[in-house]
Amino acid sequence: MSGGSAWTGAAVAAVTVGYGLFSRRLASTPVSAPMVFTGFGVLIGPIGLDVLDLGHDTGPVLTLIEAALAPCSSPTR
């Protein structure tokens, strides 16, 4: 794992763990999981802190996107 990929993996893991820690509190607010993951994606992406290099770090980014959108894709009854 190169230095950039290591930081990307750590950032994705931190976002996922952070959401897991605060998801119960966020459940009573209008903030949804996709909002949180999108916000962190913008924050750590090229527009924000520039931790992610979208040309090289697509694997962890796709994992983060799938985690963010998974709650939206399940059918509700």
Side-chain angles (χ1 to χ4, degrees):
M1 207 179 229
S2 69
S5 292
W7 281 111
T8 302
V12 169
V15 169
T16 305
V17 169
Y19 180 75
L21 291 173
F22 293 102
S23 62
R24 188 173 296 236
R25 286 189 186 180
L26 290 174
S28 63
T29 68
V31 178
S32 66
M35 290 175 165
V36 171
F37 283 104
T38 301
F40 276 112
V42 171
L43 178 69
I44 64 177
I47 294 173
L49 299 175
D50 200 22
V51 174
L52 298 176
D53 178 13
L54 295 179
H56 297 9
D57 299 326
T58 56
V61 172
L62 288 175
T63 302
L64 184 61
I65 291 169
E66 289 172 358
L69 297 178
C72 295
S73 65
S74 62
T76 57
R77 294 178 189 219

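What's counted below: heavy atoms across the whole structure, side chains too, no hydrogens, waters or symmetry copies.
Here the CG atom belonging to Leu21 is positioned 11.0 Å from the OG1 atom belonging to Thr16, to the nearest 0.5 angstrom.
With sequence neighbours left out, the side-chain contact (heavy atoms from CB on, under 4.5 Å) criterion links Thr29 to Leu26, Val31. For Tyr19, the ring pair (Phe, Tyr, Trp, His ring centres under 6.0 Å) criterion is met by Phe37, not counting sequence neighbours.
No single ILVMFWY cluster, assembled from side-chain heavy atoms under 4.5 Å apart, contains both Ile47 and Leu49. One hydrophobic cluster, built from ILVMFWY side chains closer than 4.5 Å, cannot hold both Val42 and Met35; they sit in different ones.
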